[in-house]
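Accompanying notes for the structure given below.
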Amino acid sequence: MAVSLNRRGICDFVSDEELTKIEPQVSLVTKQLEKQLENTGWHNLPRDFDKDEMKEILEAAAEVRTKADVFVVIGVGGSYLGAKAAIEWLRSSFYNEKETPKIYFAGTGCSPSYLNEIVNLCKDKEVYINVISKSGTTLEPAIAFRVFKKLLEQRYGTEEAAKRIFVTTDKAKGLLLKMAKESHYRRFVVPEAVGGRYSVLTPVGLFPMAVAGIDIEKIIDGAKEAFFHLSKENFWENESMLYAAYRNCFNRKGKRIELLIGFDPDFRFFAEWFRQLFAESEGKDGKGVFPVAQIYSTDLHSIGQFVQESGSLMFETVLDVKDIQNDMFLAEEKEDIDSLNFLAGKSLSFINRKIFEGAVQAHIEAGVPNIILEIPRLCEHEYGYLTYFFEKACALSALTLGVNPFDQPGVEAYKSKMFNLLGK
């Protein structure tokens, strides 16, 4: 099983001759990436994942699932998006309405109303928290951690509160590590050479996923398959290299906006993770493809007009999940008042596929290329594969573009201004 790149919606826009010309550059940066040690700890991680660490994650998750009513995950950006994406896509966007412990994400911003809502949801509940930050100095999660640490200590006392706090942070340095050691919080490690947006397949993402009942061993197995499959040196057989090549070809033709398209509302936070991964990795030096994400058919009724008739700067990457679980069929009505009996006996997945096919065909005819990524089914294994696929493709795409995929100087610039205004 693997993600495969269907090229039928691209051939009229990028020829094999153009791919042949860019192939040496993509192959070169692929070799550079494999030799680079700094910031690429994610690259070999699926192959080398520590079995003892996996055991620790599973044991901690089992404790939280048994004892907690509420599990608060504190982090921002890459520290929470991958886990939230997996929970919504693999479990349900209605997870908290159906399952225990309820999982809430804090530290994603500084909205007082949002943080107060989560605090109120913790009243009279058994609470555990997981704070995720390499340094401990990122403002939004640091504020949220202060709030929830105080909540736990007032409710349980300092010693008992410490048993309910898990810290995911750097192995050797940082303010959060210092706090964890002094207060005897249980710890998971963010590998030294792994940046936030590439950290989904570390304890950063895996621990909250496991608390939600996701089989994280299958996640890593899928990523491991991707690691070997996407290590092929043959450009034409390596989907991550081809995807990076197509993105750069489109960029050179003036198509600087990419729409990632999914056909299920549960896809929303995977799209959020995708946006951060590519925007923060590529958007430098006046370069980069601007990532946007949409859910069809919903957004066909909002931005569909723009894509169809003003989308000359765009291309679409469409996630095509083949095997749909939990399908629904439309029944025939004796009185065909709503004129839908022509669909009687057909499944919603069949109807959704015709929407997919119609949108792809219409957009291609309007000059919007479509890269179609085919996924056999939505499960833990394929989620791990797809996550690793995008991580590697993103790094290759950025390197081919001529930028460093692993820094974020623009983010540091805003932080400097912000702290100055706050009086630090």
Side-chain angles (χ1 to χ4, degrees), residues 5-15 18 81 85 88-89 93 243 246-280 282-283 286-322 324 327-328 330 336-343 346-375 378 386 390 393-394 397:
L5 193 153
N6 188 318
R7 300 169 59 201
R8 70 174 181 268
I10 326 171
C11 295
D12 292 339
F13 300 92
V14 175
S15 67
E18 289 174 280
L81 284 172
E88 292 212 352
W89 214 10
S93 53
Y243 182 55
Y246 275 119
R247 295 183 86 256
N248 275 266
C249 286
F250 288 140
N251 185 43
R252 294 173 187 183
K253 290 172 179 283
K255 293 187 177 294
R256 296 196 62 189
I257 301 171
E258 177 179 20
L259 303 182
L260 182 72
I261 306 299
F263 283 80
D264 193 309
D266 291 344
F267 154 81
R268 183 165 75 93
F269 269 91
F270 186 86
E272 292 289 320
W273 171 75
F274 170 90
R275 288 197 310 141
Q276 187 209 0
L277 177 67
F278 279 87
E280 209 167 45
E282 281 195 340
K287 300 177 182 179
V289 175
F290 185 68
V292 183
Q294 303 295 329
I295 299 171
Y296 289 171
S297 64
T298 305
D299 290 325
L300 288 172
H301 296 271
S302 57
I303 68 150
Q305 171 65 35
F306 190 96
V307 176
Q308 187 68 37
E309 297 193 4
S310 298
S312 61
L313 299 178
M314 303 175 179
F315 66 94
E316 292 177 308
T317 296
V318 185
L319 301 186
D320 178 15
V321 181
K322 293 296 187 182
I324 303 297
D327 211 342
M328 179 182 288
L330 205 64
D336 190 19
I337 298 173
D338 54 11
S339 300
L340 287 177
N341 272 354
F342 77 100
L343 294 174
K346 292 183 171 60
S347 68
L348 262 64
S349 65
F350 173 82
I351 296 169
N352 218 18
R353 173 151 295 278
K354 296 310 167 187
I355 294 170
F356 154 71
E357 292 171 357
V360 167
Q361 183 177 337
H363 292 174
I364 290 172
E365 290 175 0
V368 180
N370 271 244
I371 301 172
I372 300 171
L373 296 178
E374 296 178 341
I375 307 165
L378 194 56
L386 189 63
F390 275 127
C394 179
S397 183

Under a 4.5 Å cut-off applied to non-hydrogen side-chain atoms, are Leu260 and Phe390 in contact?
-> yes

Can you check whether Val307 reaches Asp299 side chain to side chain, under 4.5 Å on heavy atoms?
-> no

So do the side chains of Lys322 and Arg353 get within less than 4.5 Å of each other, counting heavy atoms only?
-> yes

Show the numbers, then the answer: is there a ring-ring contact (aromatic ring centres under 6.0 Å, His included) between Phe267 and Phe263?
-> CA-CA 8 Å; Phe267 154 81; Phe263 283 80; 9.0 Å; no

What one should report as the nearest heavy-atom pair of Asn248 and Ser397 is ND2-O, 3.3 Å

In Å, rounded to the nearest 0.5 Å, how long is the span from CZ of Phe315 to NZ of Lys255?
-> 9.5 Å

Closest heavy-atom pair, Leu277 versus Cys394, reported as atoms and distance to 0.1 Å, is O-SG, 3.5 Å

Test item: Glu18 side-chain N/O and Ser15 main-chain N/O as donor-acceptor pair under 3.5 Å = yes

Side-chain heavy atoms of Leu348 within contact of Asn352, under 4.5 Å | no

Sorted by chain and residue number, the ring-ring contact (aromatic ring centres under 6.0 Å, His included) partners of Trp273 (sequence neighbours excluded) come out as Phe270

Could you give the distance from CD1 (Ile261) to CG (Leu373), rounded to the nearest 0.5 Å?
-> 12.0 Å

What closest approach, in Å, do Tyr296 and Glu316 show between heavy atoms, and which atom pair accounts for it?
-> OH-OE2, 2.7 Å

Is any side-chain heavy atom of Val14 less than 4.5 Å from a side-chain heavy atom of Tyr246?
-> yes

Closest heavy-atom pair and its distance - Asn251, Gly288 = OD1-O, 4.0 Å

The reported gap from CZ in Phe13 to CD1 in Ile364 (rounded to nearest 0.5 angstrom) is 6.5 Å

Distance in Å, Thr317 OG1 paired with Leu5 CG, rounded so as to fall on 0.5 Å steps = 8.5 Å

With rounding to the nearest 0.5 Å, note down the distance linking CD in Glu365 to CD in Gln308.
-> 8.0 Å

Grab the two heavy atoms, one from Lys287 and one from Arg256, that are nearest each other, plus how far apart they are.
-> C-NH2, 3.3 Å

Compare all side-chain heavy atoms of Leu81 with those of Phe274 and state whether any distance is below 4.5 angstrom.
-> no

Distance-only, no hydrogens or angles: does the Asn370 side chain make a donor-acceptor pair with backbone N or O of Val368 under 3.5 Å?
-> yes

Between Ser297 and Leu300, is there a donor-acceptor pair closer than 3.5 Å when you use the side chain of the first and the backbone of the second?
-> no

Using a distance-only test with no angle check, is there a side-chain donor-acceptor pair under 3.5 angstrom linking Gln276 and Glu272?
-> no

What distance do Arg7 atom CZ and Ile372 atom CD1 have between them, rounded to the nearest 0.5 Å?
-> 12.5 Å

Can Leu378 and Asp264 be said to form a side chain to side chain contact (heavy atoms under 4.5 Å, CB included), step by step?
-> CA-CA 11 Å; Leu378 194 56; Asp264 193 309; over 6 Å; no

Quick one: closest heavy-atom pair of Asp336 and Leu340, and the distance?
-> OD1-N, 2.9 Å

Quick one: do Glu282 and Arg247 make a salt bridge, cutoff under 4.0 Å?
-> yes

Indicate yes or no: at least one non-hydrogen side-chain atom of Ile324 is less than 4.5 angstrom from one of Val321.
-> yes

State, yes or no, whether a side-chain contact exists between Lys354 and Lys346 at a heavy-atom distance under 4.5 Å.
-> no

